[in-house]
Each structure stands twice: as C-alpha cells, then as structure tokens.
A.B. asks: 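Handing you this structure, nothing more for now.
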2 protein chains.
Amino acid sequence: MHEIKTNHSSEELKNQALALSVDCVVFGYDHDDNDLKILLIKTETEEFKGQWSLLGDLISPSENLNDAAIRILKKRTGMEDVYLEQVETFGNTSRHPRGRVVTVAYYSLIKIEDYILNIEKLDLEARWHSITEVKHLAFDHYEILHTCYNRLKRGLRERPVGFSMLPKKFTLQQLQDLYEVVLHIKLDRRNFRRKLQAYDILVKLPESQTGVNHRPAKYYAFDQAKYEELIKQGKTFRIP
Amino acid sequence: MHEIKTNHSSEELKNQALALSVDCVVFGYDHDDNDLKILLIKTETEEFKGQWSLLGDLISPSENLNDAAIRILKKRTGMEDVYLEQVETFGNTSRHPRGRVVTVAYYSLIKIEDYILNIEKLDLEARWHSITEVKHLAFDHYEILHTCYNRLKRGLRERPVGFSMLPKKFTLQQLQDLYEVVLHIKLDRRNFRRKLQAYDILVKLPESQTGVNHRPAKYYAFDQAKYEELIKQGKTFRIP
DNA sequence: ACAAAAGTGTTTATTATACACCCATGT
DNA sequence: ACATGGGTGTATAATAAACACTTTTGT
C-alpha cells in the first residue's frame with residue numbers, strides 16, 4: 001500500500017523529469033439540505049497555503065491509474081466500491097509551481113451517509129463543500145472541478161449514475177430532487193415518474209417512510225440487472 | 001521543435017521512472033470509396049516489429065499535451081489546423097514492454113484530399129487503412145482506436161465535427177454518406193436534409209457538381225458562425 | 001379538521017419516421 | 001430517349017410537455 005504524501009519537494013519532482021498524479025472530484029448528494037457537495041482538503045503545497053484542493057496524489061510507476069484513484073479515495077474517505085470515472089488529463093506545463101505534473105482527473109460519486117459513518121471511526125481531514133460556494137481552488141483544480149461537474153451532469157442524464165449518490169432505498173422525490181439540484185432544472189413530477197416507470201429499473205420496496213407528518217412515500221431501490229437488460233435490448237436511458 | 005523518435009531504448013524509459021506519450025487516432029473520410037480510414041505507421045519498437053501503430057511520441061517535460069499532439073500530426077501528415085480532441089488516458093503498467101509509459105489518446109479529423117497534396121511534397125511514412133480492415137495493432141493501440149472511434153461517433157451526432165473530414169465545399173449526399181459510414185446506419189435522405197435545413201448551419205454555394213452524367217448536386221459549405229449562433233440560442237444540434 | 005407532501009391521467013404540442021415521384025444532366 | 005442520381009412534401013406515429021385534484025398520514 002502506498003502512503004499518500006501531498007507535499008512534494010521541488011527535488012522530488014525534478015528527479016522525475018515529469019510526474020503524473022491523479023485528482024478526484026468526489027461528489028455527494030446531501031438530501032437533508034438538498035445540495036450537491038464536493039469533498040476537499042486543505043492543500044499542503046506551500047505556494048497555495050490555506051487553499052482548498054481536490055483529493056489527489058502522485059502515482060507510482062508500478063501503479064495503474066484506476067488503482068491510484070481507488071487508493072486515494074480509500075485513504076481520504078475510508079470508502080471502497082465508489083463510482084469512478086476518468087474524465088480528462090490536465091497537463092499544462094505551468095499548472096504546478098514545483099515542476100511538471102500532469103494529472104489525470106476522475107470524478108467519483110459517494111453516498112454521503114456511508115461517508116458520515118466512516119468519519120466517526122476514522123480521522124479523515126476532508127470536508128464537504130457546497131458546489132455553489134466553491135469559487136476558487138489551489139492549482140487548476142477549479143477548472144478540473146467544473147470539467148468533472150459537466151461530465152457528471154452528462155452522466156446523470158445518460159446513465160443511471162445518480163443512484164450512486166443516494167441511499168440504497170430512496171423515495172422518488174429524493175431521486176427527482178437529486179436530478180433537479182445537479183442539473184439545475186425543474187422537472188415535472190408526473191412526467192418524471194412516468195418515465196422511470198417506463199424504464200422499469202426500480203423495484204418498489206415493501207417499506208414506506210416513517211416519522212413524517214404527511215402521507216409517507218414508498219421506498220424504491222435501483223435494480224442494476226434490469227438496467228442492463230434494458231441496454232441489452234438496445235434501448236436508451238435518458239433523463240430528462 | 002522536437003524531433004519524433006518512436007524507438008526508445010529501455011534505458012531511456014527507465015531513466016524517466018515514468019514516461020508520458022501522446023497517441024493520435026487520425027480519421028479521414030474517403031469519399032471516393034465511401035470509407036472511413038485511419039492513418040497508421042509501422043512501429044519501430046522491436047517487440048512489435050512489423051505491426052501497425054497509431055501516430056504517437058513521448059512528450060517532453062516542457063511541452064503541453066495539446067502541443068505534443070499538434071507536433072506529431074504536423075510531423076507525420078504535414079498538416080496543421082486539424083480537428084483535435086483529447087479522449088482518454090491509458091496507463092496500465094503492462095501496456096508498454098519497455099517500461100511504464102502512460103499515453104494520452106487524442107482523435108483527430110483531417111480532410112484526406114489536403115493530406116494527399118502533402119504526401120506528394122513530403123516524404124511521409126504513414127498509410128491509410130480502412131477502419132473495418134484493422135484487426136490488430138501494436139501495444140494497446142487497437143483498444144485506443146476503438147475508444148476513439150466511439151468518441152468520434154458520439155461527436156458526429158452531437159457536434160458538427162463531420163465537416164472537418166469533408167472538403168470545404170461538399171454535396172448533401174456526401175455529408176449523408178459520411179454520417180452513414182461513420183455511424184454505420186442508414187438515413188432517410190429527405191429527413192436528413194430537412195433536419196440540416198432546420199439548423200441553418202450550411203450555406204448553399206453558387207456552384208454545382210460538374211462532369212457527372214446526372215443532375216448535378218449543389219455544393220454547400222459549413223458556416224461555423226451560424227452554428228455558434230444556434231448554440232448561443234440554447235438550441236441543440238443532434239444527428240440523427 | 002387541517003396541514004403537508006404523495007400519488008396519479010389526460011390532453012396537447014413537438015418531433016421523428018415512413019414513403020414515391022419529378023428534375024436536370026450526360027451519353 | 002434513356003440512365004443516373006438530385007431534389008422535394010405530406011401523412012402518421014411516437015415522444016415530450018403541460019397541467020390539478022385526491023390520498024394518506026401526523027397533529
């Protein structure tokens with residue numbers, strides 16, 4: 001297991017004529033305040049002291065790209081089996097003040113409440129930030145963030161990735177709220193439900209919400225096998 | 001200007017603990033035989049002797065990623081101002097027999113007839129291959145090729161990139177043939193023309209085809225400014 | 001009984017698809 | 001005159017969008 005070290009000296013970077021890193025934009029959907037959040041850490045690089053940055057690290061010559069991303073996520077969130085997707089590689093010669101560091105950007109989706117369980121057990125330094133409040137990050141991370149956000153928005157419309165940010169059981173309203181917040185659009189409740197019903201990728205659970213002072217909503221779960229069946233039949237998934 | 005050298009010794013690769021390269025999948029549409037082609041060179045890497053490979057090279061520590069792609073294209077095709085898009089970074093530790101080489105894959109679109117003009121003047125080693133005939137390439141280039149081909153297909157449907165593979169003036173039938181060959185689908189001529197007319201991104205030129213023994217087709221040109229106007233109005237381009 | 005969010009159908013507008021005949025040119 | 005591909009319109013089907021009332025629970 002590699003140790004993560006984010007504060008690399010100029011010497012270390014110069015010795016590798018060119019260094020490669022992985023940076024992860026970690027998205028989570030907070031359904032308590034209905035907000036899309038990203039996980040950031042305070043950078044340890046002197047030149048950007050005090051600024052927030054993405055979760056990243058140099059990759060070792062013996063490590064695959066995806067494995068590096070998984071390692072970083074495991075180290076910073078305690079979580080494995082998160083949704084992960086390579087987005088773009090950023091390699092401007094001027095992007096790192098200490099030398100040439102090319103970085104492969106990933107976005108990752110996690111279920112915030114699973115993460116919450118972990119921070120109680122582990123001593124994790126990362127903090128959630130509302131994506132709307134992030135105005136500036138260390139390095140070119142703000143640009144990377146928005147490239148990844150655009151990719152997430154596309155993924156959400158074209159593939160059932162949203163479920164990776166929801167609890168295993170969720171209400172249709174929670175799902176719609178997620179779509180509305182991430183895509184920044186308003187959806188019609190009846191049309192949204194009809195479309196999901198047509199895809200037949202959700203299973204209705206026998207449980208309902210409890211402790212709400214209104215009609216309790218039914219819980220649903222995403223059925224990956226049914227989704228794959230849909231795709232195998234050449235059908236396309238698209239919301240909205 | 002960097003020189004391209006594709007046959008790197010194990011020593012050279014080991015000295016950079018990790019090396020970064022750029023590989024370009026160069027697509028061209030041959031409207032004489034209505035076929036999508038890719039440009040390949042014979043690899044100089046001993047382990048893959050005699051096999052075809054993508055156009056690529058190591059990138060220097062002082063060179064931006066896009067600039068490396070532009071340099072490779074200029075060197076191998078004599079062409080500048082080609083359409084270029086980063087696709088994905090391939091970094092499996094085992095992908096290069098001589099060491100760790102992570103490669104950033106690009107796809108590029110060129111007008112074949114402009115290229116033909118260049119090979120008469122320059123001594124270029126690359127050769128066109130029909131994409132349907134390529135079954136195997138050196139390294140993991142076959143996988144890279146198909147990842148880029150999928151990206152091209154998506155781009156063609158969602159953005160007006162096809163024009164980068166056609167002459168400046170073209171007939172509507174040539175444009176439709178390109179879509180049919182690249183996407184591997186059959187389109188209805190009337191519906192295709194109606195949709196293009198609706199987008200209003202083509203200008204009809206005063207010229208027509210000559211030397212054909214049937215009713216000559218009108219020539220059209222793509223109008224980039226009109227396309228940008230369309231997008232600025234929040235409209236979306238999609239074919240089919 | 002009231003407040004609060006869940007759940008549910010129908011009508012209309014938009015977009016996509018299917019399809020066949022006349023036109024202009026070269027031989 | 002005939003062969004060849006170029007050019008054009010209309011009807012139907014499918015999909016998306018707009019819209020409001022009833023239901024269930026807790027207080």
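So that the names make sense, note that chain A is the first sequence line, chain B the second, and so on, each numbered from 1.
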A.B. asks: Run the ring-centre check on A:Phe170 versus A:Phe222 and record whether the distance is less than 6.0 Å.
C.D. replies: no
A.B. asks: Does the pair A:Glu125/A:Lys42 count as a salt bridge with the N-to-O cut at 4.0 Å?
C.D. replies: no
A.B. asks: Could you give the start and end, 5' to 3', of the contact zone on DNA chain D for chain A, using atoms under 4.0 Å from its heavy atoms?
C.D. replies: D:dA16 to D:dG26
A.B. asks: For B:Tyr149, which of B:Val134, B:Leu36, B:Ile38, B:Val87 qualifies under side chain to side chain contact (heavy atoms under 4.5 Å, CB included)?
C.D. replies: B:Leu36
A.B. asks: Can you tell me the distance, in whole Å, between the CZ atom of A:Arg193 and the P atom of C:dT8?
C.D. replies: 7 Å
A.B. asks: If the helix axis at each end comes from five base pairs, how far does the helix from C:dA1-D:dT27 to C:dT27-D:dA1 deviate from straight, to 10°?
C.D. replies: 10°
A.B. asks: Whole angstrom is fine here: how far is it from NE2 in B:His214 over to C1' in C:dT27?
C.D. replies: 13 Å
A.B. asks: Mind checking B:Gln173 for me? I need base, sugar-phosphate or nothing, with any heavy atom below 4.0 Å counting as a touch.
C.D. replies: sugar-phosphate
A.B. asks: By the salt bridge (Lys or Arg N to Asp or Glu O under 4.0 Å) test, which pairs, at least two apart or in different chains, include something from residues 201-225 of chain A?
C.D. replies: A:Lys169-A:Glu207
A.B. asks: Got a donor-acceptor contact below 3.5 angstrom from the B:His141 side chain to the B:Leu54 backbone?
C.D. replies: yes
A.B. asks: For every nucleotide of nucleotides 14-22 of chain C, 5' to 3': is a protein heavy atom under 4.0 Å from its base (B), only from its sugar-phosphate (S), or from neither (-)?
C.D. replies: --SBBBB--
A.B. asks: In plain terms, say whether A:Arg159 and A:Glu85 are close enough for a salt bridge, that is, a side-chain N and a carboxylate O under 4.0 Å apart.
C.D. replies: yes
A.B. asks: Going by the angle between their ring planes, with limits at 30° and 60°, are A:Tyr107 and A:Tyr83 parallel, tilted or perpendicular?
C.D. replies: tilted
A.B. asks: Cut-off 3.5 Å, no hydrogens considered: what does the side-chain donor-acceptor table look like for residues 227-240 of chain A, sequence neighbours left out?
C.D. replies:
{"residue": "A:Glu228", "atom": "OE2", "partner": "A:Gln224", "partner atom": "NE2", "Å": "2.9"}
{"residue": "A:Glu229", "atom": "OE2", "partner": "A:Gln233", "partner atom": "NE2", "Å": "3.0"}
{"residue": "A:Gln233", "atom": "OE1", "partner": "A:Lys235", "partner atom": "NZ", "Å": "3.0"}
{"residue": "A:Arg238", "atom": "NH1", "partner": "A:Glu158", "partner atom": "OE2", "Å": "3.4"}

A.B. asks: Would you mind telling me which residue lines up with the more 5' stretch of DNA chain D, B:Tyr220 or B:Asn213, judged by nearest nucleotide?
C.D. replies: B:Asn213
A.B. asks: Among side-chain atoms of B:Tyr29 and B:Asp35, is any donor-acceptor pair under 3.5 angstrom?
C.D. replies: no
A.B. asks: Could you state the OH-C1' distance from B:Tyr219 to C:dT25, rounded to the nearest angstrom?
C.D. replies: 14 Å
A.B. asks: Can you name the residues that form a side chain to side chain donor-acceptor pair (under 3.5 Å) with B:Asn66, not counting sequence neighbours?
C.D. replies: B:Tyr106
A.B. asks: Step through the shown structure and confirm whether more than 12 heavy atoms of other residues, nucleotides or ligands are within 6.0 Å of CD on A:Glu180.
C.D. replies: yes
